S.K.: 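One structure, pasted below without further comment.
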Amino acid sequence: MACSFRRAIACQLSRVLNLPPENLITSISAVPISQKEEVADFQLSVDSLLEEDNDHSRPDIQVQAKRLAEKLRCDTVVSEISTGQRTVNFKINRELLTKTVLQQVIEDGSKYGLKSELFSGLPRKKIVVEFSSPNVAKKFHVGHLRSTIIGNFIANLKEALGHQVIRINYLGDWGMQFGLLGTGFQLFGYEEKLQSNPLQHLFEVYVQVNKEAADDKSVAKSAQEFFQRLELGDVQALSLWQKFRDLSIEEYVRVYKRLGVYFDEYSGESFYREKSQEVLKLLESKGLLLKTIKGTAVVDLSGNGDPSSICTVMRSDGTSLYATRDLAAAIDRMDKYNFDTMIYVTDKGQKKHFQQVFQMLKIMGYDWAERCQHVPFGVVQGMKTRRGDVTFLEDVLNEIQLRMLQNMASIKTTKELKNPQETAERVGLAALIIQDFKGLLLSDYKFSWDRVFQSRGDTGVFLQYTHARLHSLEETFGCGYLNDFNTACLQEPQSVSILQHLLRFDEVLYKSSQDLQPRHIVSYLLTLSHLAAVAHRTLQIKDSPPEVAGARLHLFKAVRSVLANGMKLLGITPVCRM
């Protein structure tokens, strides 16, 4: 594994530099394949060893790199030492590289890369991740889809690193829309439609009552009254609301299952309708609550009346707002879970909202507000299904399945499948997730079904195809060859490139764990798949001598294992046939 090589290099450096090996490990990195010079597997960044406040001009650093390289010696691990641009480069003994990497991938299985020294000093934490969070009775728009897959990735990664993760779906299940919905259902609702397709029917009712309320003030007034009855705990109003909520969650759970996503807790704004009143009292007791002429209550976060720093926390009729309920939810979660970190995954339009919520928690005296983090993401434009704009998550999943089935039917190499619908959905979801995760999460992007489903190039379809192809190799040749294995048979450039790339997996996971960006893992897996495609064409197993065939099969098995590990972290279920 990379960390055993890193440590061996760090130990030799520590004797020359008189520094503990631990201080050197993060300065030693595997050289990415794309910039691979023929020689190096690892490089030491000389810059990172030197004191930051000294002004080191390029020649000085180059001279220091050369001097350092001259003091180092090759040994059983390192077969060659050279210098690059401000670096000292190390080439690992080829047979040792092959044997160690392949052994480690097979031994560590799903933990490969996660047992690295890069993670050894990290304390295990309790982490709350709030994601997805659709509004009951409103569109499950593309923003919710992004929140769902990004939040799932973050939760998967944190869990894989050994943290205790609590996944929360904080539903928009309270607020003025329920006044409209309650009134709307009494006017236009049908019990049997509600039971058979709750999300669809509630959405239709909501659209209809909104139109009515715009034209008829009495409908708007009765909606307001219905919401007030809810806030005051009216049994009849609450019973109808509870029915809407329960049926909607049942439907969401079914759809999330298709996505491969689950939650430990379905919470919602409704949980905090009483606790938000306690928050208002606390704000008042600390002298932070200001009443406006309109009768609303606000908090001035600037302390000098700056309009951009004013946050409204109560309506004129005394009912709570989104911000108040978020404050109450954060306080409640701290009491309940005593978390080390809480991550909110929402679109970047809510950036200011969360800044204000965290700031309010701080001035209320909650120091742990610093443990709260907002992971914002950009807007997706142009995601439409054949029926028009996306209304529900299920529309997207059905569209994925349909388009992928058509694609698979048109490709001659498609195998006979036991469950083509399931395979189509898994490949299609991989396509969707990779398209979404390729860039910075904060970036907006234009959605294109055609680009998503390309089988060549950097797509999720290509990843799934590579995995299925490698699995097929194991099925065809596995039993006879996997026992026969000689590392000396894997010295071709294509084999060495794959081994060097497998070395870097822990660094890539570390990078994603630091900035919570999946693109590092995506880029790594796509490169791995391209390397595997080249090797598959040139390193034949059929008709090769048994020990050569066995070694190559081991290499392809290692690639498939790491590919599957990375895909699962991203929220993709690898397919074995397609």
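Remember, predicted model here, so these are calculated numbers, not experimental data.
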S.K.: Using residues 331-339 as the side-chain source, report each donor-acceptor pair under 3.5 Å to any protein atom, sequence neighbours left out, with the distance given to one decimal.
M.R.:
{"unit_1": "D332", "atom_1": "OD1", "unit_2": "K275", "atom_2": "NZ", "d": "2.8"}
{"unit_1": "D332", "atom_1": "OD2", "unit_2": "Y272", "atom_2": "OH", "d": "3.0"}
{"unit_1": "R333", "atom_1": "NH1", "unit_2": "E130", "atom_2": "OE1", "d": "2.9"}
{"unit_1": "R333", "atom_1": "NH2", "unit_2": "E130", "atom_2": "OE1", "d": "3.1"}
{"unit_1": "K336", "atom_1": "NZ", "unit_2": "E265", "atom_2": "OE1", "d": "3.0"}
{"unit_1": "Y337", "atom_1": "OH", "unit_2": "E265", "atom_2": "OE1", "d": "2.2"}

S.K.: Testing the 3.5 Å rule here: is there a donor-acceptor pair between the side chains of S529 and Y465?
M.R.: no

S.K.: Do E250 and R254 sit within salt-bridge range, that is, some charged N less than 4.0 Å from a carboxylate O?
M.R.: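 A salt bridge is absent here (no side-chain N lies under 4.0 Å from a carboxylate O).
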
S.K.: Counting C-beta onward and ignoring hydrogens, is there a side-chain heavy-atom pair between Y252 and E394 closer than 4.5 Å?
M.R.: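 No, every pair of side-chain atoms sits at 4.5 Å or beyond.
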
S.K.: Around atom CD of Q236, are there more than 12 heavy atoms of other residues, nucleotides or ligands at under 6.0 Å?
M.R.: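 Result for CD/Q236: open.
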
S.K.: Does NZ belonging to K348 count more than 12 external heavy atoms closer than 6.0 Å?
M.R.: yes

S.K.: Could you tell me whether the side chains of D436 and Y445 share a donor-acceptor contact shorter than 3.5 Å?
M.R.: yes

S.K.: Just wondering, do W368 and L361 contact through their side chains at under 4.5 Å, heavy atoms?
M.R.: yes

S.K.: Between H353 and D326, is there a side-chain donor-acceptor contact under 3.5 Å, judged purely by atom types and distance?
M.R.: yes

S.K.: Inspect the surroundings of NZ in K126 and state if more than 12 heavy atoms from other residues, nucleotides or ligands are less than 6.0 Å away.
M.R.: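 Buried by this count: over 12 neighbours within 6.0 Å.
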
S.K.: Should the pair F505 and Y524 be assigned to parallel (<30°), tilted (30 to 60°) or perpendicular (>60°) ring geometry?
M.R.: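 Taking Y524 first and then F505, their aromatic rings sit tilted (interplane angle of 30° to 60°).
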
S.K.: How far apart are the C-alpha atoms of S270 and W241, what are their side-chain angles, what is the distance that settles it, and do they pass the side chain to side chain contact (heavy atoms under 4.5 Å, CB included) test?
M.R.: CA-CA 10 Å; S270 61; W241 166 84; 3.2 Å; yes

S.K.: Do the two ring centres, one from Y256 and one from F263, sit under 6.0 Å apart?
M.R.: yes

S.K.: Do you see a donor-acceptor pair shorter than 3.5 Å between the side chains of S309 and S302?
M.R.: no

S.K.: If we ignore angles and hydrogens, is there a donor and acceptor under 3.5 Å between the side chains of S110 and N565?
M.R.: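 No pair is found: no donor N or O on one side chain lies under 3.5 Å from an acceptor on the other.
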
S.K.: Kindly give the heavy-atom pair with the smallest separation between N210 and L180, and that separation in Å.
M.R.: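 So the minimum-distance heavy-atom pair works out to OD1-CD1, 3.7 Å.
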
S.K.: Between D246 and Q242, do the side chains contain an N or O donor and an N or O acceptor separated by less than 3.5 Å?
M.R.: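 Yes, side-chain donor-acceptor contact under 3.5 Å.
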
S.K.: Do R426 and N419 meet the criterion of a side-chain donor-acceptor pair at a distance under 3.5 Å?
M.R.: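 There is no such pair between these side chains.
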
S.K.: As an exercise, state the distance from CD1 of I150 to CG of L570, rounded to the nearest 0.5 Å.
M.R.: 12.0 Å

S.K.: For the residue pair F244 and F185, categorise the inter-ring angle as parallel (less than 30°), tilted (30 to 60°) or perpendicular (more than 60°).
M.R.: perpendicular

S.K.: Checking T324 against S276: is there a side-chain donor and acceptor pair closer than 3.5 Å?
M.R.: no

